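Data first, discussion second: the structure below is written as structure tokens.
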Amino acid sequence: MDETRNFIHDAIEDDLAPGGRFEGRTVHTRFPPEPNGYLHIGHAKAICINFTTAEKYGGLCNLRFDDTNPTKEDVEYVDAIEQDIRWLGFDWGDRLFFGSDYAQFIYDTAEAFIRKGLAYVDDLSADEMRAMRGTLTEPGKDSPYRNRGVAENLDLFRRMKAGEFEAGAKVLRARIDMASGNLNLRDPAMYRIKKESHHRTGDEWCIYPMYDFAHPLQDAVEGITHSLCSLEYEDHRPLYDWVVAHADLADKPRQIEFARLNLTNTVMSKRKLLELVTRGLVDGWDDPRMPTLRGLRRRGYTPASIRTFCDRIGVSKVYSTVDSAFLEHCLREDLNANARRVMGVLRPVRLVVENYPEGRVETFEAENNPERPEDGTRTVPFARELWIEADDFAEEPPKGYFRMFPGNEVRLKHAYVVRCTGCVKDADGRVVEVRCTYDPATRGGDTPDGRKVKGTIHWVSAAHAVDAEVRLYDSLFSVPDPDATEDRDYKELLNPDSLEVLTGCKVEPSLADAVAPASYQFLRIGYFCVDNRPAAPGRLVFNRSVALKDSFKGGKG
RNA sequence: UGGGAUGUAGCCAAGCGGCAAGGCACGGGACUUUGACUCCCGCAUCCGCAGGUUCGAAUCCUGCCGUCCCAGCCA
């Protein structure tokens with residue numbers, strides 16, 4: 001983590017250098033979510049950047065809920081957000097803050113701005129204000145209330161606070177420059193009237209500060225040195241600096257913007273994610289196909305894999321969309337190293353070992369993880385009748401196929417080498433049973449005579465197998481960039497095959513008591529986790545986190 | 001002549017005047033009791049384009065082109 005570099009680190013090191021803006025200071029960042037929705041992988045990037053940047057320089061990172069708009073925010077999200085950040089493994093110590101806690105301070109600062117002639121109360125309606133703001137290419141016009149005296153402004157502002165005016169009747173505006181090329185500087189609103197209960201301050205206030213006024217003050221009060229945010233705030237930086245410059249505070253935090261994360265085959269906007277949930281297009285915020293942290297968690301993503309991902313995608317100011325395959329790669333890397341291997345048959349077909357005595361059962365020791373010998377072994381039972389993957393048998397093998405087909409030898413992982421003798425089909429010609437004979441000399445799967453057996457397949461003893469439901473997930477959208485397709489509603493681009501539910505799957509008995517959040521590698525298939533929503537007693541549900549890579553390019557098996 | 005950013009491989013991304021890192025994806029090979037993992041090899045004579053400065057430019061200068069963001073009393 002120390003060797004990663006980006007332009008933010010460069011900027012911080014300049015600031016810390018002798019003569020720099022923050023020479024001798026402790027680097028202090030913050031993650032400032034608005035409690036109006038669940039966190040997603042895009043937030044994870046911001047969380048990682050803020051926490052790891054502070055850590056890199058021996059600094060601190062605060063968690064601050066940016067709750068300045070009572071109409072959109074809810075306490076229910078606060079807990080969820082805290083949980084998700086903790087789950088990722090970050091710790092804000094005792095530095096949990098709420099923007100609303102600074103309400104009085106921000107209000108006092110607003111009065112100070114009024115006294116300095118930097119703000120005025122405007123009676124214009126929202127529509128009138130918009131009409132007078134000008135356009136991208138034309139300057140705006142001064143409001144007729146722009147030159148009210150300090151005393152009148154102060155009086156009006158206090159009466160706004162006292163609740164004398166209805167919502168929308170008046171706003172406090174910064175007095176900057178109605179002709180600025182930067183629209184954010186055309187006398188932006190600083191305070192608006194909202195007669196609504198706030199999730200923390202209740203009915204104490206009926207005026208609430210706007211982000212542009214509140215955020216820089218919150219940063220400054222907390223002693224934030226580097227306020228890291230996304231690119232769309234670049235245009236707001238002059239305003240941020242303006243507020244900070246005129247506020248009566250020693251600290252002058254520096255805002256630095258970076259590009260937010262986009263991922264292929266998914267959407268990241270809160271609005272769209274919310275719509276997917278409310279329309280029932282997914283199974284809630286924690287649907288394993290959702291890019292929310294809760295969705296990823298339920299999918300089987302580990303905190304480590306997400307942090308590695310965020311670390312490796314880098315930080316820059318270029319609008320970018322990262323290939324989801326890279327996120328999957330990071331998950332496989334983590335799970336390959338840490339997930340125990342088991343055998344599970346998703347689409348079972350019966351295999352009968354003709355020369356194996358009926359009723360006989362023997363057991364084999366199977367390694368739990370070849371990448372971690374210290375994880376030891378487990379016992380798997382073997383008998384005459386087994387389940388194997390339907391895909392692992394082909395009456396007429398495609399080119400390059402080296403699994404089970406008549407006459408071919410294949411190894412049953414950990415057990416014996418068997419030779420396929422044929423199959424039994426039903427009236428419709430469907431294979432219902434595969435037949436084979438085993439070579440007793442190959443116990444454990446070795447070939448004492450040194451002969452090569454190319455194929456190795458997984459299996460489960462029919463008599464000992466445990467039934468399970470397996471959910472196969474794929475990408476939520478069938479196109480790389482659902483947001484970019486303007487001629488079609490993004491909901492039409494949902495991948496119809498993003499979920500396939502398989503019942504009657506057969507897994508080895510060691511999985512009988514598996515509980516979330518355990519992850520396993522089902523040999524030769526992929527990584528699966530126990531679904532973290534409570535299943536009916538005795539029922540096992542596995543979610544596929546990500547499939548194993550498969551370099552077999554032959555025809556369908 | 002609105003303002004602010006940004007263009008390095010299919011996708012991320014280093015690079016900061018000395019002769020194009022790395023990862024993902026992809027292709028080939030080795031190994032293999034997972035067609036996984038691992039390991040090799042390949043993958044930008046070129047850095048949006050055009051000029052210029054320089055012994056030397058992706059890095060500096062000029063011009064052009066493309067893309068993104070901004071007209072909430074949202075954040």
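Owing to the predicted nature of the structure, the values given are computational and were not obtained by experimental measurement. So that the names make sense, note that chain A is the first sequence line, chain B the second, and so on, each numbered from 1.
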Practice task
Please state whether the base of B:A5 and the side chain of A:Tyr319 form at least one donor-acceptor pair under 3.5 Å?
Solution key: no
Problem - Pair of N/O donor and acceptor under 3.5 Å linking B:G35 base with A:Asp550 side chain - result: no
Would you tell me if any nitrogen or oxygen in the side chain of [X] comes within less than 4.0 Å of OP1 or OP2 on [N]?
{"X": "A:Arg173", "N": "B:C73", "answer": "no"}
{"X": "A:Lys194", "N": "B:C74", "answer": "yes"}
{"X": "A:Arg312", "N": "B:C24", "answer": "no"}
{"X": "A:Thr264", "N": "B:C11", "answer": "no"}
{"X": "A:Ser316", "N": "B:A13", "answer": "yes"}
{"X": "A:Arg192", "N": "B:A75", "answer": "yes"}
{"X": "A:Arg133", "N": "B:G72", "answer": "yes"}
{"X": "A:His329", "N": "B:C24", "answer": "yes"}

Handout entry: Closest to side chain of A:Lys549, choosing from B:U6, B:C37, B:C69
Key = B:C37
Practice task
Pick base, sugar-phosphate or nothing for A:Leu327, based on heavy-atom distances below 4.0 Å to the nucleic acid.
Solution key: nothing
Practice task
Identify whether any heavy atom of A:Tyr208 sits under 4.0 Å from a base atom; if not, whether one sits that close to sugar-phosphate; answer base, sugar-phosphate or nothing.
Solution key: nothing
Handout entry: Among A:Asp391, A:Thr456, A:Asp392, side chain to side chain donor-acceptor pair (under 3.5 Å) partner for A:Arg524
Key = A:Asp392
Practice task
Might you confirm whether atom NZ of A:Lys195 has over 12 heavy atoms from other residues, nucleotides or ligands at distances under 6.0 Å?
Solution key: yes
Practice task
Verify the distance criterion only: is there a donor paired with an acceptor across the side chains of A:Glu362 and A:Tyr416 at less than 3.5 Å?
Solution key: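 Yes, side-chain donor-acceptor contact under 3.5 Å.
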